[in-house]
Amino acid sequence: MEKKSTHILNASSNLLGFSLVIITSLKISKISHSTHLDEFAGIACLFFAFSCFFSFLAIRSQREKQGFRFETIADYLFLIALFCIVLAVIIVTMEII
């Protein structure tokens, strides 16, 4: 099976930037205190950053077993971060409706 580390690194770094844009726009508009959106985006930022880190370690790993372990960790961290982003989108949707 093809390694997923490069795809995880690419997607998680892009979504890390997206999460940072959410946090920045909430801080600029001064509405971060009235919703939990910035907390979910902040948690997503941490998980995306760690996902980037572990996927990079998987790419650079010399041993296949260790690389697979790092890739699995990065995969699960990415999934958790996606869940946080989905919660943030649900919060935004509920606020708009």
Side-chain angles (χ1 to χ4, degrees):
M1 187 169 84
E2 184 181 327
K3 290 185 80 170
K4 300 178 284 186
S5 301
T6 55
H7 301 292
I8 296 170
L9 181 61
N10 186 24
S12 60
S13 63
N14 287 331
L15 289 172
L16 175 62
F18 174 72
S19 300
L20 289 172
V21 167
I22 291 173
I23 293 172
T24 304
S25 63
L26 288 172
K27 296 295 181 183
I28 289 173
S29 63
K30 296 184 184 352
I31 60 169
S32 62
H33 64 279
S34 63
T35 66
H36 294 289
L37 183 59
D38 59 333
E39 284 89 359
F40 286 120
I43 292 169
C45 281
L46 289 175
F47 282 118
F48 281 133
F50 283 119
S51 179
C52 287
F53 177 71
F54 280 108
S55 62
F56 178 76
L57 288 179
I59 293 169
R60 300 295 297 167
S61 177
Q62 298 295 323
R63 295 183 290 187
E64 187 175 334
K65 187 176 181 180
Q66 187 179 30
F68 181 73
R69 186 179 314 132
F70 288 148
E71 185 176 289
T72 303
I73 293 169
D75 202 15
Y76 283 118
L77 290 171
F78 182 77
L79 183 64
I80 294 168
L82 276 179
F83 181 70
C84 290
I85 290 295
V86 167
L87 286 176
V89 169
I90 289 171
I91 290 172
V92 167
T93 304
M94 297 311 234
E95 295 279 326
I96 291 174
I97 295 177

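Both backbone and side-chain heavy atoms feed into the values below; hydrogens, waters and symmetry mates do not. All of these numbers come straight from a predicted model, not from anything done at the bench.
Partners of F48 under the ring pair (Phe, Tyr, Trp, His ring centres under 6.0 Å) rule, at least two apart in sequence or in another chain, are F78. Listed by chain and residue number, F68, Y76 satisfy the side chain to side chain contact (heavy atoms under 4.5 Å, CB included) test with T72 (two or more places apart in sequence, or in another chain). Applying the side chain to side chain contact (heavy atoms under 4.5 Å, CB included) rule to L46 yields no partners; only residues at least two apart in sequence or on another chain are considered. For I90, the side chain to side chain contact (heavy atoms under 4.5 Å, CB included) partners are V86, M94, not counting sequence neighbours. Not counting sequence neighbours, the partners of A41 by the side chain to side chain contact (heavy atoms under 4.5 Å, CB included) test are I22, I23. With sequence neighbours left out, R63 forms a side-chain hydrogen bond (donor to acceptor under 3.5 Å, both in side chains) with Q66.
For the pair L16 and C45, the tightest heavy-atom approach, listed with the atom from each and the gap, is CD1-O, 3.3 Å. Considering all non-hydrogen atoms of both residues, D38 and K27 come closest at OD2-NZ, 3.7 Å. Heavy-atom minimum distance, A74 versus S55: CB-N, 3.5 Å. When all heavy atoms are compared, the tightest approach of E71 to S5 is OE1-OG, 2.8 Å.
As a member of the Ile/Leu/Val/Met/Phe/Trp/Tyr network built from side-chain separations under 4.5 Å, F47 groups with I43, F50, F53, F54, L57, F70, I73, L77, I80. Other residues sharing a hydrophobic cluster with L9 under the 4.5 Å side-chain heavy-atom criterion for ILVMFWY residues are I59.
Within the structure, side chain to side chain donor-acceptor pair (under 3.5 Å) pairs that include any residue of residues 10-22 comprise N10-N14 (at least two apart or interchain). Screening residues 72-81 for salt bridge (charged side-chain N to carboxylate O under 4.0 Å, His left out), with sequence neighbours left out, gives K4-D75. Residue pairs meeting the side chain to side chain donor-acceptor pair (under 3.5 Å) criterion with at least one partner in residues 42-54, sequence neighbours excluded, do not occur; the list is empty.
To the nearest 0.5 Å, atom CD of residue Q62 and atom CD of residue E64 are 12.0 Å apart.
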